[in-house]
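All figures in this text were calculated on a predicted structure; none of them were measured in a lab. Here is how names work: the chains are called A, B, and so on, in the same order as the sequence lines, proteins then strands, and each is numbered from 1.
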Protein chains: 2
Amino acid sequence: MTAAVRLLLADDEHLIRGALAALLGLEDDLVVVAEAASGPEALAMARAHRPDVAVLDLQMPGADGVKVATSLRTELPGCQVLIVTGHGRPGHLKRALAAGVRGFVPKTVSAQRLAEIIRTVHAGHRYVDPELAADAISAGDSPLTSREAEVLELAADGAPVTEIAERAALSPGTVRNYLSSAVTKLGAENRHAAVRLARERGWV
Amino acid sequence: MTAAVRLLLADDEHLIRGALAALLGLEDDLVVVAEAASGPEALAMARAHRPDVAVLDLQMPGADGVKVATSLRTELPGCQVLIVTGHGRPGHLKRALAAGVRGFVPKTVSAQRLAEIIRTVHAGHRYVDPELAADAISAGDSPLTSREAEVLELAADGAPVTEIAERAALSPGTVRNYLSSAVTKLGAENRHAAVRLARERGWV
DNA sequence: CGCTCGCCATGACAAATGTCAGGGGACGGC
DNA sequence: GCCGTCCCCTGACATTTGTCATGGCGAGCG
């Protein structure tokens with residue numbers, strides 16, 4: 001018989017992580033060798049235990065799942081990464097795939113299904129939740145240029161133009177122009193609605 | 001021996017709900033009699049199965065945990081409500097307690113601990129996570145009047161004043177006055193930052 | 001009864017923001 | 001080399017905001 005798949009579980013919600021560990025541990029061919037509650041901790045655990053598959057939550061303190069995946073890609077090329085997320089936004093999926101993530105599923109799947117997906121990913125295949133994939137495709141690519149996205153992000157917390165200009169080392173007029181074009185491209189009423197839209201689509 | 005505590009589990013994330021059901025089911029004195037993935041479904045399940053304790057996620061499609069709790073309070077007075085939440089904001093705790101919720105815990109607790117808390121709540125006691133309680137106390141009460149909060153909420157999606165005025169059936173000038181006073185009270189830079197602050201503190 | 005407070009409104013002014021029309025420079029593709 | 005695109009800026013303008021002063025109305029309270 002082949003050895004069981006060694007898993008790393010990372011999620012900041014102890015309740016979920018523990019429950020998941022217990023359920024996945026019931027499968028004969030899966031074994032949880034490490035758990036982590038934050039991004040940095042996940043990295044440390046991965047280095048120490050060298051799992052076959054890392055199951056990462058997208059939103060974690062310290063470093064999010066995609067960042068961790070990026071680091072793992074170079075440090076442990078043999079370790080496949082599977083991202084699990086509560087509310088998946090189209091842009092996140094794109095970023096995740098770009099980071100070399102092999103699987104991307106919402107938390108609405110059952111544990112049974114997750115176990116299957118883990119096996120799929122471990123076998124070298126990819127798995128992306130069909131619904132999330134459809135969202136990502138229909139949402140399309142971000143129409144924003146990098147500067148537009150950057151300025152929009154700085155505008156996210158409601159800061160006035162002058163402050164954004166300072167933080168971006170741009171002239172206030174330029175900031176307003178970028179903001180204006182971003183708002184137009186997104187079809188929003190104003191920059192704040194634009195920020196919301198961009199966030200929803202995962203473009204910031 | 002006494003009969004086992006009958007539980008209703010409601011959470012839109014199947015992964016968590018299933019895992020939780022499995023883990024809590026392992027306890028001798030707990031039995032999961034119903035599961036739901038949305039607010040309305042939770043209500044229907046509660047009516048059908050009349051559980052002793054309802055374990056509700058705070059954020060669910062349809063109706064959030066607090067709304068469900070309010071309905072349950074009148075329909076099934078014998079059913080104690082325990083709210084579980086990912087990221088607890090101070091105001092939510094306050095609203096929950098006002099709705100007659102008996103327990104309020106973050107998802108960072110372990111399943112073991114949750115089982116104990118369920119027993120505590122079923123025994124007629126209350127339980128609030130110490131950390132969340134501290135946050136709620138230090139954050140204090142909302143300084144906003146009801147109209148200020150209402151207008152601020154309508155401003156949340158970045159709508160212009162005229163639109164807010166329309167939706168609130170107020171004059172645009174009045175809206176600006178309320179917004180202005182809310183911004184002042186919260187010590188924010190502008191209304192959008194104010195919305196963020198109020199959200200963080202759970203005041204909207 | 002007078003007081004305070006929340007509620008709703010108006011009008012006016014200053015400041016911030018959204019929009020438009022420009023113009024230069026860099027860089028890659030045809 | 002020319003063209004398109006993105007980058008960065010300027011200046012001017014209309015619109016939207018934030019802020020303030022002011023007033024009327026009703027409810028709760030000493």
Side-chain angles (χ1 to χ4, degrees), chain A residues 91 94-95 98 139-204, chain B residues 91 94-95 98 139-204:
Chain A
K94 204 154 294 199
R95 275 199 307 136
D141 270 339
S142 168
L144 305 175
T145 68
S146 68
R147 274 304 192 282
E148 283 164 359
E150 183 188 337
V151 170
L152 202 55
E153 199 161 2
L154 287 173
D157 53 0
V161 170
T162 57
E163 194 181 317
I164 300 173
E166 225 170 275
R167 291 211 274 167
L170 291 176
S171 108
T174 308
V175 169
R176 288 198 291 170
N177 283 342
Y178 283 158
L179 246 21
S180 183
S181 82
V183 166
T184 306
K185 283 178 180 174
L186 297 178
E189 294 259 352
N190 52 45
R191 67 162 115 168
H192 305 286
V195 167
R196 265 197 336 110
L197 279 174
R199 271 215 197 296
E200 274 173 24
R201 293 171 170 50
W203 289 339
V204 292
Chain B
K94 205 154 295 199
R95 275 199 308 136
D141 271 340
S142 169
L144 305 175
T145 68
S146 70
R147 274 302 192 284
E148 283 165 359
E150 184 187 339
V151 170
L152 202 56
E153 200 161 2
L154 287 173
D157 53 0
V161 170
T162 56
E163 195 180 318
I164 300 173
E166 225 170 273
R167 291 210 274 167
L170 291 177
S171 109
T174 308
V175 169
R176 287 198 288 168
N177 284 342
Y178 283 158
L179 245 22
S180 183
S181 81
V183 166
T184 306
K185 282 178 180 175
L186 296 177
E189 293 259 350
N190 54 44
R191 66 162 114 170
H192 305 287
V195 166
R196 266 197 333 112
L197 278 174
R199 270 213 197 299
E200 274 173 22
R201 294 173 171 45
W203 288 339
V204 293

d(CG, B:L170; C1', C:dG6) in whole Å: 13 Å

Beyond-backbone contact of B:E200 with B:R196, side-chain heavy atoms, under 4.5 angstrom: yes

A:R191 CZ - C:dA16 P separation (whole Å): 11 Å

Phosphate OP1/OP2 of D:dC6 contacted by A:T145 side-chain N/O (<4.0 Å): no

N/O (side chain, A:S171) to phosphate O (OP1/OP2, D:dC8) under 4.0 Å: no

Distance, rounded to the nearest Å, where B:Y178 contributes OH and D:dG18 contributes C1': 17 Å

Atom pair distance, as rounded to whole Å: CD in B:E189 and P in C:dA16: 10 Å

Side-chain N,O (A:S146) to OP1/OP2 (D:dC7) below 4.0 Å: yes

Donor-acceptor pair (no angle test) under 3.5 Å: A:N177 side chain, D:dC8 base: no

Atom-to-atom span, CZ of B:R176 to P of C:dC7 - whole angstrom: 20 Å

Separation of atom CG in A:L144 from atom P in D:dC7, rounded to whole Å: 11 Å

B:L186 side chain near B:L152 side chain, heavy-atom distance below 4.5 Å: yes

N/O (side chain, B:T174) to phosphate O (OP1/OP2, C:dA9) under 4.0 Å: yes

Side-chain heavy atoms of A:K185 within contact of A:T145, under 4.5 Å: yes

Euclidean distance, atom CZ of residue A:R147 to atom C1' of C:dA26 [Å, nearest integer]: 13 Å

Length of the CG-P vector between B:L179 and C:dA9, whole Å: 14 Å

Short side-chain donor-acceptor distance under 3.5 Å, B:S181 and B:T184: no

